[in-house]
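First the structure, in the form of structure tokens, and then the observations on it.
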There are 2 protein chains.
Amino acid sequence: MSNAWQQEVLAEIKAGGRISDGDIVRQVRRAVLAQRLPPGTRLPEVTLGEVFGVSRSVVRKALTRLASEYVVDQRPNQVARVRSPDVDETRQTFAARRLVEGELAALTAGTLPSTVLLQIEDRADREREAFLASDEPSRIEHSLAIHHLLAEHSPNRVLGAMLTDLILRTSIVIALYKRQGLGSCYLEGDHHRLLEHLRSGDAAACREDIEHHLDSLMGLLDLGPRDSRIDLKSILGGEG
Amino acid sequence: MSNAWQQEVLAEIKAGGRISDGDIVRQVRRAVLAQRLPPGTRLPEVTLGEVFGVSRSVVRKALTRLASEYVVDQRPNQVARVRSPDVDETRQTFAARRLVEGELAALTAGTLPSTVLLQIEDRADREREAFLASDEPSRIEHSLAIHHLLAEHSPNRVLGAMLTDLILRTSIVIALYKRQGLGSCYLEGDHHRLLEHLRSGDAAACREDIEHHLDSLMGLLDLGPRDSRIDLKSILGGEG
DNA sequence: GGCGCATCATATGTATACACCAGTGGTGGC
DNA sequence: GCCACCACTGGTGTATACATATGATGCGCC
């Protein structure tokens with residue numbers, strides 16, 4: 001675990017009050033998404049407990065939840081580690097999200113209240129602004145918010161919860177396999193186009209929008225055979 | 001928690017050695033599926049610990065996992081209870097499984113090794129025999145095994161894991177909402193037909209088989225408006 | 001000099017003690 | 001007679017102590 005991350009966590013802790021397992025889950029998720037905790041990073045229970053100022057009981061619950069979200073790898077009698085999905089799992093995760101989010105977009109088309117549509121529009125606008133300002137963290141935040149809004153306001157809550165999970169997992173592998181030197185994974189117009197089709201209620205177009213969006217996104221990744229190098233690094237490199 | 005169930009659990013414990021959280025998860029899952037633990041049943045940590053001969057630590061981990069599987073309901077500072085999905089969630093769960101399993105069947109068509117195909121054939125045969133012998137528990141076991149084989153041997157492990165979860169959730173609501181007086185939810189020929197299409201590699205037919213199978217299954221349920229009575233019973237009835 | 005084994009440090013697995021919270025029943029006042 | 005309040009009990013939330021497994025290290029033997 002990097003020291004910089006510990007500093008940041010501590011800063012946020014002082015602001016708030018008591019720490020619960022949910023707080024730890026959120027913090028670790030964020031850190032993994034931002035690659036402040038790279039794959040393979042060891043997450044010992046005592047260390048995490050010291051960082052967050054809680055005992056192992058709380059940490060253990062958080063780690064169990066993170067394991068059920070496929071964020072960390074928890075094996076018996078071994079230290080929990082940040083998971084490192086391989087390229088196969090990455091492709092399969094994208095395929096799963098393509099299926100679920102495509103269906104969900106089609107189901108949701110024409111059903112959203114105007115308040116939600118306005119929220120999506122706002123996020124899409126601010127995503128573009130953040131992109132133009134080269135503020136990648138903000139851009140990602142707004143982009144994720146759009147998909148989460150879709151998941152939360154879909155008529156099928158079961159599929160919605162599944163999509164929430166898949167958004168997290170795809171975000172992690174995007175951060176992992178983003179092509180080197182590529183500043184942003186912004187796809188100009190995709191979200192605004194989806195918004196218009198959600199408004200007009202064109203279910204088939206919504207599904208196509210999502211499928212095309214995810215295909216393009218996966219196309220920006222580097223899923224070539226040289227991933228074996230990454231794998232080696234994360235396995236042999238230890239905690240650097 | 002019923003006493004009969006405790007007896008049965010104890011019997012199985014004596015046979016085996018030490019109990020882990022995974023054992024508890026499996027036992028509770030089975031008991032919920034068999035409706036030995038009806039919806040709303042209270043599951044206090046200390047009581048479960050006594051039943052299984054372990055301390056609260058292990059029980060807590062098991063309950064957390066069961067909550068992430070949507071089998072039990074775990075709220076802060078309150079006893080865990082067996083979840084009771086309403087009719088809306090039931091329909092949405094079936095819709096989700098229809099989507100996921102349909103896609104998975106199509107993906108898997110023509111890819112299964114003969115060993116797996118033979119296992120499916122064996123299960124389908126034994127399911128029919130169990131149905132003819134009116135041995136419903138065995139029939140359910142074989143039926144579930146077929147779908148689990150599909151989930152485990154599909155080319156997409158991510159979707160496969162999602163299907164495994166959905167099989168559990170649909171099985172629970174089937175037990176819950178099965179039409180009164182209906183002895184079995186057996187659909188003659190469905191599994192054998194799917195098997196032949198998996199063999200021949202007809203992806204479209206496989207998807208249709210699954211979708212038709214699940215639609216028929218949901219049709220056997222009693223999802224009418226009188227579910228409010230069931231809901232009342234489970235809420236007001238307590239643990240009677 | 002290299003390989004194998006004992007030993008130790010580190011971290012998890014489990015049990016338990018104490019604090020806190022929630023629902024419940026009884027009691028007192030109005 | 002009814003409502004509000006309070007003490008009590010059952011149960012979870014958290015911390016901690018002890019038992020155990022695992023990986024590393026270094027010594028000794030071949």
Side-chain angles (χ1 to χ4, degrees), chain A residues 1-3 6 9 13 16-28 37 40-68 71-84 232 234-240, chain B residues 1-3 6 9 13 16-28 37 40-68 71-83 234-240:
Chain A
M1 290 192 301
S2 74
N3 260 325
Q6 295 189 20
V9 167
I13 286 176
R18 214 165 258 91
I19 304 296
S20 77
D21 59 316
D23 298 321
I24 301 179
V25 169
R26 270 185 294 277
Q27 295 266 11
V28 173
L37 291 177
T41 306
R42 291 158 49 92
L43 299 172
E45 297 174 359
V46 281
T47 313
L48 277 179
E50 288 165 4
V51 169
F52 286 98
V54 295
S55 89
R56 282 178 55 211
S57 320
V58 188
V59 174
R60 281 177 74 79
K61 187 162 186 178
L63 285 175
T64 301
R65 286 180 52 182
L66 286 166
S68 79
V71 175
V72 308
D73 208 357
Q74 217 182 10
R75 316 169 98 97
N77 290 314
Q78 261 169 270
V79 197
R81 288 167 172 274
V82 176
R83 245 172 69 90
S84 163
L232 270 181
S234 74
I235 292 175
L236 303 177
E239 51 190 319
Chain B
M1 291 192 303
S2 74
N3 260 326
Q6 294 188 21
V9 166
I13 285 176
R18 215 166 258 92
I19 304 297
S20 77
D21 59 316
D23 298 321
I24 301 179
V25 169
R26 270 185 294 276
Q27 295 266 11
V28 174
L37 291 177
T41 306
R42 292 158 48 92
L43 300 172
E45 297 175 358
V46 281
T47 312
L48 277 179
E50 287 164 5
V51 169
F52 286 98
V54 294
S55 88
R56 283 179 54 211
S57 320
V58 187
V59 174
R60 281 179 74 81
K61 187 162 186 178
L63 285 176
T64 301
R65 285 179 52 183
L66 286 166
S68 79
V71 175
V72 308
D73 209 358
Q74 217 181 9
R75 316 169 101 98
N77 289 315
Q78 264 172 268
V79 284
R81 286 167 173 275
V82 176
R83 247 172 68 90
S234 74
I235 290 176
L236 302 177
E239 53 191 316

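In what follows, every chain begins at residue 1, and chains take the letters A, B, ... in the order their sequences are listed. For clarity, every value in this text was computed on a predicted model and none was experimentally measured.
- Contact of the B:Val71 side chain with the B:Arg83 side chain is not registered, since no non-hydrogen atoms from C-beta on lie closer than 4.5 Å.
- Comparing A:Gln78 and A:Val58 along DNA chain D, the residue whose closest nucleotide (by nearest heavy atom) sits nearer the 5' end is A:Val58.
- Listed pair A:Arg42 / C:dA11 meets the phosphate criterion, a side-chain N or O lying under 4.0 Å from OP1 or OP2.
- Checking C:dT14, C:dA11, D:dT12 against the side-chain heavy atoms of A:Pro44 singles out C:dA11 as nearest.
- Side-chain atoms of B:Asn77 lie closest to D:dT12 of the nucleotides C:dA15, D:dT12, C:dG13.
- In the set D:dA15, C:dT14, D:dT12, D:dT12 carries the atom at the smallest distance from any side-chain atom of B:Glu45.
- The interatomic distance linking B:Arg81 (CZ) with D:dG10 (P) rounds to 16 Å, in whole Å.
- Taking 4.5 Å as the limit, every side-chain heavy atom of B:Ile24 sits out of range of all side-chain heavy atoms of B:Gln27.
- Residue B:Arg60 places no side-chain atom within donor-acceptor reach of the base of D:dG13, judged by atom type and a 3.5 Å distance cut-off alone.
- Two residues are said to be in side-chain contact when any heavy atoms from C-beta on lie closer than 4.5 Å; B:Ile19 and B:Val58 fail this criterion.
- Listed candidates were C:dT16, C:dT12, D:dT16. Nearest to the side chain of A:Ser57 is D:dT16.
- Closest to the A:Val79 side chain, of the nucleotides D:dG11, C:dT12, D:dG13, is C:dT12.
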